[in-house]
Amino acid sequence: MNIILPTFRFLQENAQAKRKTVLITLVAVTGASTRNPGAHMAVAEDGSSTGSFSGGCIEAAVVAEALDVIRSGQPREIRFGAGSPYLDIRLPCGGGIDLLFTPLSEPAVIADIFQRVERREPLTITLDSESDDIRCTAHGRAQGGVERSGSQIRVDHIPAAKLNILGHGPSVESLVGLATSYGIDCAVLSPDPAVIAAVRERAMAADLLKTPLATPRFDPDPWTACIFYFHDHDWEAALMQQALSSPAFYVGAMGSRHTHAKRLQYLADIGVSAELSARMIAPIGLIPSTRDPATLALSTLAQVVESYHRHFGFKA
């Protein structure tokens, strides 16, 4: 789920409207917390905001503090929860969180961050607890998280999970619907025009496959999961070879164990090594022997989300 894109879209839109804004960053957690270090909120001078750090326990106080930061023009760092000077504000989990409030005065930096997030680029935002300085650079780390050195706070972000769904039938539409509700972007490749039309109605990318060959339209990045929902397995081989050779963090396919044994053979016949084939998860999903499209979609999405967090778990 892409959590930082809405934050920086909000900041970009407010910058274009010439409204003052504050970026709030969760820089440290003590005990339990509903959010990881590196999470953000944003507040504009009209009191509007986006993002959250709890289930509603502290957001009003965060907005009030942010408006005061806008008035002063100075950054500040505040603890909420355990150890906080705000005795009447407590987190139900019993933990404490440290938030850095950064007033924003450089629209170009916000535009740069927003564009990098849209392009699915890993990035580092460097903040300073003693000034309103904010910088953005590329990074090549496999994880997101926060590192601190004195007043300098470095926040690494990686792209959100994305689904490339290849196949036909109602399972494709079910997975697109569920993933969209969860907040994950999808791109679909299918030989079924009806599936393509249904996916495009949800404003998701969809391309019609005319042949079962590898295609340049299928180019997953390291934060993309490739899902194969083909009932006609003649469509699979070349596209699976393409997926298995890509940096995608997850490749999975529907079908029984018997079907998968045959799949491994035809992949070997076109030159896919056993090592590459072993990357594929099949039968797909966390729920065994799922047959109806809705349950298969739920089973698949749960496994993809679990795999994403296992691969890219955040460091504090």
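Counting from 1, the numbers follow the sequence of the chain as shown. Quick note: numbers below take in every heavy atom, side chains included, and nothing from hydrogens, waters or symmetry partners.
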> With a 4.5 Å limit on heavy-atom distance, are the side chains of Tyr250 and Ile284 in contact?
Replying inline: yes

> Closest heavy-atom contact between Leu26 and Phe53?
Replying inline: CB-CE2, 3.9 Å

> Do other residues, nucleotides or ligands put more than 12 heavy atoms under 6.0 Å from Arg257 CZ?
Replying inline: no

>> Does any part of the side chain of Ile158, heavy atoms only, come nearer than 4.5 Å to the side chain of Tyr308, both counted from C-beta?
In response: yes

>> side chain to side chain contact (heavy atoms under 4.5 Å, CB included), that's the test. Do Arg19 and Glu13 meet it? Break it down for me.
In response: CA-CA 9 Å; Arg19 285 188 287 268; Glu13 290 171 351; 5.9 Å; no

> Side chains of Arg76 and Ile78: closer than 4.5 Å at any heavy-atom pair?
Replying inline: yes

>> I'd like to know if the side chain of Arg120 reaches the main chain of Pro159, judged simply by a donor and an acceptor atom lying under 3.5 Å from each other, with no hydrogens or angles considered.
In response: no

>> Can a donor-acceptor pair be found, under 3.5 Å and without considering hydrogens, that links the side chain of Ser245 to the backbone of Gln242?
In response: no

>> Is there a path of hydrophobic side-chain contacts, each under 4.5 Å between heavy atoms, that joins Ile270 and Met240?
In response: yes

>> Pair Phe312, Phe249 - check ring pair (Phe, Tyr, Trp, His ring centres under 6.0 Å), show working.
In response: CA-CA 10 Å; Phe312 308 113; Phe249 76 91; 5.7 Å; yes

>> Minimum heavy-atom separation for Asp234 and Pro212, please, with both atom names.
In response: O-CB, 3.7 Å

>> I'd like to know if the side chain of Asn14 reaches the main chain of Phe10, judged simply by a donor and an acceptor atom lying under 3.5 Å from each other, with no hydrogens or angles considered.
In response: yes

> Is a donor on one side and an acceptor on the other found under 3.5 Å between the side chain of Ser246 and the backbone of Ala243?
Replying inline: yes

> Does Arg263 have any side chain to side chain donor-acceptor pair (under 3.5 Å) partners at least two apart in sequence or in another chain, and if so, which?
Replying inline: Glu236, His260

> Should Ile24 and Glu65 be marked as a side chain to side chain contact (heavy atoms under 4.5 Å, CB included) after you check the CA-CA gap, both sets of side-chain angles, and the distance that decides it?
Replying inline: CA-CA 10 Å; Ile24 307 100; Glu65 202 72 42; over 6 Å; no

> So, Asp46 and Ser48: side-chain donor and acceptor under 3.5 Å apart, yes or no?
Replying inline: yes

> Can you find a heavy atom in the side chain of Val117 that is under 4.5 Å from one in the side chain of Thr7?
Replying inline: no

> Backbone N or O of Val251 within a donor-acceptor pair of the Arg279 side chain at under 3.5 Å?
Replying inline: no

>> Distance check, rounded to the nearest 0.5 Å: Leu127 atom CG versus Thr25 atom OG1?
In response: 5.0 Å

>> Please report the interatomic distance CG(Leu67) to CD1(Ile70), rounded to the nearest 0.5 Å.
In response: 5.5 Å

>> Let me confirm one number: the CD-CZ distance from Gln303 to Arg310, rounded to the nearest 0.5 Å.
In response: 8.0 Å

> Taking C-beta and beyond as the side chain, do Ser49 and Glu59 meet within less than 4.5 Å on heavy atoms?
Replying inline: no

>> For a side chain to side chain contact (heavy atoms under 4.5 Å, CB included) check, start with the C-alpha distance between Met41 and Leu99, then their side-chain angles and the critical distance, and finish with the verdict.
In response: CA-CA 10 Å; Met41 276 186 68; Leu99 302 180; over 6 Å; no

>> Is there a path of hydrophobic side-chain contacts, each under 4.5 Å between heavy atoms, that joins Ile184 and Val195?
In response: yes

> Ser105 and Asp132: side-chain donor and acceptor closer than 3.5 Å?
Replying inline: yes

> Distance-only, no hydrogens or angles: does the Ser273 side chain make a donor-acceptor pair with backbone N or O of Leu276 under 3.5 Å?
Replying inline: yes

>> Could you measure the distance from the CZ atom of Phe218 to the CG atom of Leu239? Nearest 0.5 Å is fine.
In response: 6.5 Å

> Can you find a pair of side-chain heavy atoms, one from His309 and one from Val305, that are under 4.5 Å apart?
Replying inline: yes

>> Testing the basics here: between Arg148 and Ser129, what is the closest heavy-atom pair and its distance to 0.1 Å?
In response: NH2-OG, 3.6 Å

>> Could you check, using the six-membered ring where one of them is a Trp, whether His40 and Phe8 have ring centers closer than 6.0 angstrom?
In response: yes

> Any chance the side chains of Ser171 and Ser174 put a donor and an acceptor closer than 3.5 Å?
Replying inline: no

> When clusters are formed by joining ILVMFWY residues with side-chain heavy atoms under 4.5 Å apart, either directly or through shared neighbours, do Val155 and Phe114 land in the same one?
Replying inline: yes

>> Can a donor-acceptor pair be found, under 3.5 Å and without considering hydrogens, that links the side chain of His139 to the backbone of His157?
In response: yes

>> For a quick test of reading the model, state the closest non-hydrogen atom pair linking Pro103 to Val69 and the distance between them.
In response: CD-CG1, 3.8 Å

> Which pair of heavy atoms, one from Arg116 and one from Ala138, lies closest together, and at what distance?
Replying inline: NH1-N, 3.5 Å

> Does a side chain donor of either Thr30 or Arg79 reach within less than 3.5 Å of an acceptor in the other side chain?
Replying inline: yes

> OG/Ser299 to CG/Leu175 distance, rounded to the nearest 0.5 angstrom?
Replying inline: 10.5 Å

>> Could you check whether any side-chain heavy atom of Ile113 comes within less than 4.5 Å of a side-chain heavy atom of Ile134, counting everything from C-beta outward?
In response: yes

> How far does CG of Leu100 sit from CD1 of Ile153, to the nearest 0.5 angstrom?
Replying inline: 4.5 Å

> Minimum heavy-atom separation for Leu244 to Ser277, with atom names?
Replying inline: CD1-CA, 4.1 Å

>> Centroid separation under 6.0 Å, is that true for the rings of His168 and Tyr229?
In response: no

> Should Val188 and Leu296 be regarded as members of a common hydrophobic cluster, given that ILVMFWY residues are connected when their side-chain heavy atoms come within less than 4.5 Å of each other, either directly or indirectly?
Replying inline: yes

>> For a side chain to side chain contact (heavy atoms under 4.5 Å, CB included) check, start with the C-alpha distance between Arg135 and Thr137, then their side-chain angles and the critical distance, and finish with the verdict.
In response: CA-CA 7 Å; Arg135 289 173 282 128; Thr137 55; 5.5 Å; no

>> Are the side chains of Phe228 and Ile165 in contact, using a 4.5 Å heavy-atom criterion?
In response: no

> Between Ile227 and Tyr182, is there a shared hydrophobic cluster once you connect ILVMFWY residues whose side-chain heavy atoms come closer than 4.5 Å?
Replying inline: yes

